[in-house]
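Taking it in order: structure first as structure tokens, then the write-up.
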Amino acid sequence: MIDLSQYFPITNPTLIFFVVLLIVLFAPIIMGKLRIPHIIGMVLAGVLVGQYGLNVLSRDDSFELFGKVGLFYIMFLAALEMDMDGFRKSTGRMALFGLFSAGIPFLMTYAAGATLLGYSLPASLLLSCIMASNTLIAYPIVGRYGLSRKPSVTLSVGATMVALLLSLIVMAALVSSFHGGSGLLFWLWFAGKLVAYVAFVVMAIPRLTRWFLRRYSDAVMQFIFILAMMFMSAALSEAIGIEGIFGAFMAGLILNRYIPRLSPLMNRLEFIGNALFIPYFLIGVGMLINVRLLFQGGNIVWVVFVIVFIGTVGKALAAYLSARLFRLPLSSAHMMFGLTSAHAAAAIAMVMVGMKLETTPGQYLVGDDMLNGVVIMILFTCVISTLVTERAAQCITMRDQDMVSDNSHVDDEKMLVPVKYPEYANRLINMAILMRNEKLNREIVALNVVYDDQQMRRNQEKGERLLEQVVGYAAAADVRLQTQVRVAANIANGIKHAFKEFNASEILIGMHTHKEVSNKFWGEFHQSLFNGLSRQIIMARLIHPLNTIRRIQVAVPSRAQFEPGFRRWLERLARLAYNLDCRIVFHGRSDTLEHIRVYMETRHQGVRAEYGSMEHWNEMPQLATTIHEDHLFVVVTARKGTVSYKNAQERLPEELTKFFSGANLMIIFPDQYGDAMDEMTFSQPQHTEEHSYYDILVKWLKNIIKI
């Protein structure tokens with residue numbers, strides 16, 4: 001009989017990677033059929049193939065390396081996907097939940113360690129630090145359900161970092177006491193290093209990121225740069241005596257606004273993490289667990305029971321008490337408990353540190369029973385965490401679906417994006433992605449129009465290559481794109497005909513960068529376009545990448561609220577500001593701003609909107625002093641003969657050229673007739689019949705004056 005044991009554990013790197021990929025592939029399939037969260041499958045697979053299971057794989061350096069990257073990735077993505085507006089508003093609640101989540105398990109575990117388990121004071125403190133911290137093992141479940149911006153998730157992620165930081169501080173003091181130092185000088189030095197670290201990453205990373213993203217648009221280079229920033233922050237965190245996961249989380253918070261949630265870059269980061277690094281980490285955690293010890297009887301069963309029971313009850317008390325204080329629903333409390341109840345890498349790191357601390361010569365702080373108890377505890381808490389989080393995610397999803405929105409409306413959104421220049425096309429598609437309604441999941445139409453001349457065939461081939469480029473860009477963000485290369489004798493007419501054929505709702509088109517004041521400000525066909533179409537047209541001049549924009553400033557003409565397209569352009573700008581996580585400032589007359597305020601507070605509470613007075617259109621050049629290179633200046637204009645049109649808008653080309661020549665610019669011509677927009681309802685003054693008569697009167701008076 002052939003002895004197969006001689007071939008195991010596998011040491012060939014190629015075969016090791018092959019086995020890991022098989023686990024990553026089949027674990028979700030098998031767990032899905034059993035209706036068990038996929039993450040548990042990864043951990044259990046690690047137990048099965050590890051040295052304490054079938055001994056198929058040995059936990060070599062690749063698991064150490066990729067596992068650490070996977071842990072960093074979990075914390076990094078958690079911070080990257082957070083709702084920063086909710087984070088800022090909930091700082092106090094996060095701190096309180098973090099104190100409960102660390103303090104309650106810490107005190108309960110310390111009492112249990114000293115009494116029920118008979119551990120010494122330092123050993124009980126070490127075990128308390130382990131149980132006070134937690135790892136966001138179940139966070140990928142939240143991402144899969146699209147709940148990363150829910151208040152309960154934001155609170156849980158923030159509380160995890162607070163609990164981890166407090167645990168690491170107590171741990172640092174414990175380690176220092178073994179080396180003869182834990183006095184005032186130690187704490188002053190530790191606090192100084194922490195403040196210096198935070199100040200450095202907060203000041204350095206944003207500046208480096210803006211500089212890099214503005215100069216390099218290559219997808220691979222941007223991806224590598226973001227990872228480099230994450231590892232730099234993690235390495236600096238380790239250098240000051242705090243675990244690298246804290247640094248990875250800090251990097252995610254800082255980079256949050258530079259990586260929009262719907263961007264191709266975010267999609268690539270999530271894909272690589274969820275496909276490789278995070279599964280590697282979970283499998284590596286499973287390989288550390290020796291389930292056989294539970295069947296050997298003795299003290300280990302008691303140790304595991306006490307640690308798991310006390311630690312889990314402590315985390316549950318913290319979550320449900322906090323949810324009660326914050327008046328959150330029960331499903332949110334389940335989510336908070338599920339996310340904060342698991343222990344993994346941080347627990348392993350702490351117990352490994354304890355194994356190096358000598359209490360007496362030859363005796364170490366962490367004995368075999370504590371080591372094995374903590375490792376097996378990881379398995380149980382991971383199972384509890386994933387089961388509770390999965391159930392909570394399902395409940396929250398069902399709750400959201402059952403909620404009837406008073407703001408439900410029909411939206412005919414279908415954006416047409418004419419593209420011509422390869423270096424500019426991706427930016428226009430990116431803007432369309434950030435402005436579209438993700439819930440409708442409508443495709444974007446990319447159009448390339450070529451002249452019907454002798455160069456037609458050649459230009460068609462160029463257009464097809466360009467459209468292939470933007471299709472790949474949109475696919476990286478999981479956005480569908482329809483494309484067409486159209487032959488026309490007139491570019492503007494080609495766009496108009498395509499607009500009607502695709503039944504589009506609006507046009508997003510790029511602007512040229514002529515700096516001279518001339519009648520050609522609008523470009524060769526732009527004026528023909530907005531004169532020939534009464535639907536919304538957005539013209540954009542993007543000098544810098546959108547993800548480096550820090551503020552959107554909008555000039556709104558008086559009576560804009562009476563235009564049929566008022567809500568459409570407002571909706572697009574609100575989505576853009578939300579996805580870029582930047583402030584948006586509206587400048588206009590008080591009555592117009594009041595309508596905008598009601599709309600934003602009703603529909604987009606998460607957008608940081610501000611309002612500045614501009615009583616007359618002639619004041620617009622004064623805004624030039626407030627526009628910086630990282631701002632986007634938006635001008636809402638109007639066609640002749642409409643309610644919000646005014647003679648001062650005739651000077652718009654000269655003013656934009658003179659005062660805003662170097663600015664990121666967007667010019668919006670709103671819809672000029674009612675359609676599906678009229679079906680939108682929200683709690684603000686509506687366009688009544690009285691206003692319609694007023695519009696007719698204004699138009700009639702203007703015609704009389706012209707005559």
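Sequential numbering from 1 along the given sequence is applied to the chain's residues.
A heavy-atom distance below 4.5 Å is found between the side chains of Met666 and Leu573. Phe669 is not listed as a side-chain neighbour of Val636, based on a closest heavy-atom distance of 4.5 Å or more. When side chains are defined from C-beta on, Arg214 counts as touching Pro545, because their heavy atoms get closer than 4.5 Å. The closest side-chain heavy-atom distance from Met232 to Ile205 is below 4.5 Å. With a 4.5 Å cut-off on side-chain heavy atoms, Trp569 and Gln536 count as touching. Side chains of Ser90 and Leu155 form a contact here, defined as non-hydrogen atoms less than 4.5 Å apart. Counting heavy atoms from C-beta on, the side chains of Trp211 and Tyr216 come closer than 4.5 Å. Residues Asn547 and Arg257 fail the side-chain proximity criterion, which asks for heavy atoms closer than 4.5 Å.
Nearest heavy-atom pair across Ala477 and Ser263 is CB-C, 4.1 Å. Summarising the geometry of Phe249 relative to Ala79, their closest heavy-atom pair is O-CB, 3.3 Å, with the distance given to 0.1 Å. Among all heavy-atom pairs drawn from Pro279 and Gly273, the shortest one is CD-O, 3.5 Å. Across all non-hydrogen atoms, the minimal contact from Asp630 to Thr548 is CB-O, 3.7 Å. Smallest separation of non-hydrogen atoms from Leu428 and Pro418: CD1-O, 3.9 Å. The two residues Ile272 and Phe223 have their closest heavy-atom pair at CG1-CZ, 3.8 Å.
If you take CD1 on Ile259 and CG on Leu255, they are separated by 5.0 Å, rounding to the nearest 0.5 Å. We find the OG1-CG distance between Thr657 and Leu665 to be 9.5 Å, quoted to the nearest 0.5 Å. Expressed to the nearest 0.5 Å, how far CG of Leu77 lies from OG of Ser148 amounts to 10.0 Å. To the nearest 0.5 angstrom, Leu227 atom CG is 12.5 Å from Arg268 atom CZ. With rounding to the nearest 0.5 Å, the separation of CZ in Phe66 from CZ in Phe17 is 5.5 Å. To the nearest 0.5 Å, atoms CD (Gln460) and NZ (Lys462) are separated by 13.0 Å.
Checked by atom type and distance alone, the side chain of Asn448 never pairs as donor or acceptor with a backbone atom of Gln484 at under 3.5 Å. Under a 3.5 Å cut-off, the side chain of His587 and the backbone N or O of Gln553 do not form any donor-acceptor pair. Under a 3.5 Å cut-off, the side chain of Arg639 and the backbone N or O of Leu533 do form a donor-acceptor pair. Put simply, the side chain of Arg575 never gets that close to the backbone of Ile433: no donor and acceptor are under 3.5 Å apart. Looking at Arg436, its side chain does come within 3.5 Å of a backbone N or O of Arg442 through a donor-acceptor pair. Between the side chain of Gln605 and the main chain of Glu601, a donor-acceptor pair closer than 3.5 Å is present. A donor-acceptor pair is defined here as one N or O able to donate and one able to accept, closer than 3.5 Å; such a pair exists between the side chain of Ser505 and the backbone of Lys414. At distances below 3.5 Å, not a single donor-acceptor pair connects side-chain atoms of Tyr473 with backbone N or O atoms of Arg427. Without hydrogens or angle criteria, Asn664 side chain to His631 main chain gives a donor-acceptor distance under 3.5 Å. Checked by atom type and distance alone, the side chain of Tyr424 pairs as donor or acceptor with a backbone atom of Leu542 at under 3.5 Å.
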TODO: Applying side chain to side chain contact (heavy atoms under 4.5 Å, CB included), run through Met600 and Ile596 and close with a yes or a no.
DONE: CA-CA 6 Å; Met600 298 299 290; Ile596 295 174; 4.1 Å; yes

Open item on the list: Between Tyr599 and Arg567, is the side-chain hydrogen bond (donor to acceptor under 3.5 Å, both in side chains) condition met? List the steps.
Closed with: CA-CA 8 Å; Tyr599 186 93; Arg567 298 166 209 166; over 6 Å; no

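Side-chain rings of Phe76 and Phe72 stay apart, their centers remaining 6.0 Å or farther from each other.
Ring pair Phe566/His595 is perpendicular by interplanar angle, where above 60° counts as perpendicular and below 30° as parallel.
Judged by the 6.0 Å distance and 45° axis criteria, Arg597 is positioned over the aromatic ring of Tyr611.
A salt bridge links Arg572 and Glu413; the closest N-O separation between the charged side-chain nitrogens and carboxylate oxygens is under 4.0 Å. Using a cutoff of 4.0 Å between basic side-chain nitrogens and carboxylate oxygens, Arg457 and Glu461 are not scored as salt-bridged. Glu501 and Lys496 are not joined by a salt bridge, as no carboxylate oxygen comes within less than 4.0 angstrom of a charged side-chain nitrogen.
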